[in-house]
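Just follow the structure's listing: the first ligand is 1, and inside any ligand the first atom is 1. Throughout, numbering of the chain's residues begins at 1 and tracks the sequence. In this text, all values refer to a predicted model and were calculated from it rather than measured experimentally.
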Amino acid sequence: MTIVDTPERRQLRELTRAFVTKEVLPYLNDWERAGEVPRSLHETAAKIGLLGVGFPESVGGSGGDLLDSILVTEEVIRSGGSSGLIAALFTHGIALPHMVATHDDSLIDRYVRPTLAGTMIGALAITEPDGGSDVAGIRTCARRDGDHYVVNGSKTYITSGVRSDFVTTAVCTDFPGSGALSLLVIEKGTPGFTVGRRLEKLGWHCSDTAELSFVDVRVPVTNRIGPEDTGFLAIMQQFATERLSLATQAYATAQRCVELATRWCRDRSTFGRPLASRQLVRHRLAEMHTRAEAARAYVHDVAERVAAGEPVVTEVAMAKNVAVAACDFVVDAALQLHGGFGYLRDAEVERHYRDARILGIGGGTTEIMNEIIAKGMGL
Ligand SMILES: Cc1cc2nc3c(=O)[nH]c(=O)nc-3n(C[C@H](O)[C@H](O)[C@H](O)COP(=O)(O)OP(=O)(O)OC[C@H]3O[C@@H](n4cnc5c(N)ncnc54)[C@H](O)[C@@H]3O)c2cc1C
């Protein structure tokens, strides 16, 4: 099954495409060089209702569900945007859902509404220098001291960490490595909270990535998301959305690269004939298209089931791996078909090739997805 196309969804696609064409494409290369997207882009996206898609109107969102936000992600990339742009502009997709799920009015008013209005930027910090796959092993700890927690530890590879005004931070509320986790919202500017250097990366250049350090940072207890020690469950529950977003970025990148390669192979002639007239090239394009479309269909199917409330943890992991595998195959083939031009910064396909590599690492690696799938098989 594929996501049902309603008149509202067609409108949402058109809105997204117009936004990318006007507000992104003329500037994306500059943002890639600058290492971040401007704050004004968040406000522009918020004003037209794009930033709030998938969040209820009661918390300042634009309404719609997971399927609508998947369509936005897909359309951003297919219009010439990138997964790096998604990571930078839609970081709130991973920073806010835990807060929204608690129905905590104070947190919603202080952080969710301003972020969806484009005036604040949030980040999610789980990964630590000692490891990211083993979430239960988190060592950044929060010790209760009256109506505050005192936080010590560090986080790394945090998307939008350089620009963010607040960070939804996973902390251990028992002894380090105990697995008793809580989520705290920690504001930039709180004494003891420092943002380290901007990390340089293979891809996702327009998305800033940071190391964060916490030394005796006093965080009000009112900034805890949900009851103490429920952080692990909250993180796991929201992983489905993040993994489906990454899966969407993967198949949409593949689809975009099929389009770019097809156009190139029609226009480019070698030995007196267009590349697209060669059977080898035609079959390569056919295989790329097939893998991208199959991944899209499966991701949509699993997303529909998640949106319907089905417990499909294993299927989400399979959807991510299927889409990442399709993307890895397609970006490599698309670059190859472009020849030397594919290797140049001027080629859009070069950016997708670099950006794609993170999709099998972020939000849980391919190997961790395989662990989940194996467990689901009863192994
Ligand atoms: C650009 C970028 C943006 C990111 N953004 C964020 C963010 O916003 N917030 C955040 O919290 N994190 C973020 N991350 C971190 C990301 O989620 C982690 O890098 C990822 O979860 C893997 O953790 P790790 O790097 O510590 O690798 P490790 O956990 O050290 O794993 C190393 C390798 O070992 C493999 N491995 C681990 N355990 C097993 C096992 N049991 N069996 C087999 N193989 C195994 C892994 O698959 C991997 O290949 C980001 C990372 C990058 C690069």
Identify the closest protein heavy atom to atom 24 (P) of ligand 1: which residue and atom is it, and at what distance? Gly132 N, 3.7 Å
Tell me whether Thr209 has any N or O atom under 3.5 angstrom from an N or O of ligand 1. no
Under 3.5 Å, N or O to N or O, is Trp204 touching ligand 1 that way? no
Specify whether the nearest protein heavy atom to atom 15 (C) of ligand 1 is under 4.0 angstrom away. yes
Distance alone, cut at 3.5 Å: any donor-acceptor contact between the side chains of Glu128 and Thr140? yes
In terms of residue, atom name and distance, what is the protein heavy atom nearest to atom 2 (C) of ligand 1? Ile358 CD1, 3.8 Å
Of all the non-hydrogen atoms in the protein, which one sits nearest to atom 12 (N) of ligand 1, and at what distance? Thr127 OG1, 2.7 Å
Suppose I only count heavy atoms of Ile126 and a 4.0 Å limit; which atoms of ligand 1 are within that range? 10 (C), 11 (O)
With heavy-atom distances below 4.0 Å as the criterion, list the atoms of ligand 1 near Gly363. 17 (O)
Where is the nearest protein heavy atom to atom 8 (O) of ligand 1: which residue, which atom, and how far? Thr159 N, 3.0 Å
Considering the heavy atoms of Gly131, write down every atom of ligand 1 situated less than 4.0 Å from one of them. 26 (O)
Is a side-chain donor-acceptor pair under 3.5 Å present for Lys155 with Thr169? no
Exercise check, heavy-atom protein proximity under 4.0 Å to atom 42 (N) of ligand 1: no
Please lay out, stage by stage, how Asn321 and Asn370 fare under the test side chain to side chain contact (heavy atoms under 4.5 Å, CB included). CA-CA 8 Å; Asn321 279 2; Asn370 278 335; 3.2 Å; yes
Is there at least one pair of N or O atoms, one from Ile158 and one from ligand 1, spaced under 3.5 Å apart? no
Atom 19 (O) of ligand 1 within contact range, any protein heavy atom under 4.0 Å: yes
Could you go through the side chain to side chain contact (heavy atoms under 4.5 Å, CB included) check for Ser106 and Thr222 one step at a time? CA-CA 8 Å; Ser106 164; Thr222 47; 5.5 Å; no
Would you tell me whether Ser269 and Arg273 have side-chain atoms, one donor and one acceptor, within less than 3.5 Å of each other? no
If we number the atoms of ligand 1 from 1 as shown, the ones under 4.0 Å from a heavy atom of Ile361 are 19 (O), 20 (C), 21 (O)
Tell me the protein heavy atom at minimum distance from atom 46 (C) of ligand 1, and give that distance in Å. Thr365 OG1, 3.6 Å
Quick one: sort the His92 and Phe55 rings into parallel, tilted or perpendicular, breaks at 30° and 60°. tilted
Less than 4.0 Å is my threshold; does some heavy atom of Lys201 fall inside it relative to ligand 1? yes
Classify the side-chain pair Glu74/Gln249 by whether it contains a donor and acceptor separated by less than 3.5 Å. no
Is a salt bridge present between Arg39 and Asp165, judged by a nitrogen-to-oxygen distance below 4.0 Å? yes
Pair Asn223-Tyr111, side-chain donor/acceptor within less than 3.5 Å: yes
Distance from atom 40 (C) of ligand 1 to nearest protein heavy atom, with residue and atom: Ile368 CD1, 4.4 Å
Which protein heavy atom lies closest to atom 25 (O) of ligand 1, and at what distance to 0.1 Å? Tyr157 CE1, 3.7 Å
Indicate whether atom 34 (O) of ligand 1 is within a distance of less than 4.0 angstrom of some protein heavy atom. no
Shortest protein heavy-atom distance from atom 31 (O) of ligand 1, along with the residue and atom involved: Ser133 OG, 3.7 Å
Donor-acceptor pair, distance only, cut-off 3.5 Å: does the side chain of Ser79 make one with the backbone of Glu75? yes
If we only consider heavy atoms of Ala123, is any one of them less than 4.0 Å away from an atom in ligand 1? no
Provide the closest heavy-atom pair for Ala254 versus Cys327 in the form atom of the first, atom of the second, distance. CB-CA, 4.0 Å
Starting from Tyr157, walk the hydrophobic network (Ile, Leu, Val, Met, Phe, Trp, Tyr; side-chain heavy atoms closer than 4.5 Å) and list everyone else you reach, by chain and number. Leu199
Which residue in the set Arg354, Arg256, Arg78 passes salt bridge (charged side-chain N to carboxylate O under 4.0 Å, His left out) when paired with Glu348? Arg256
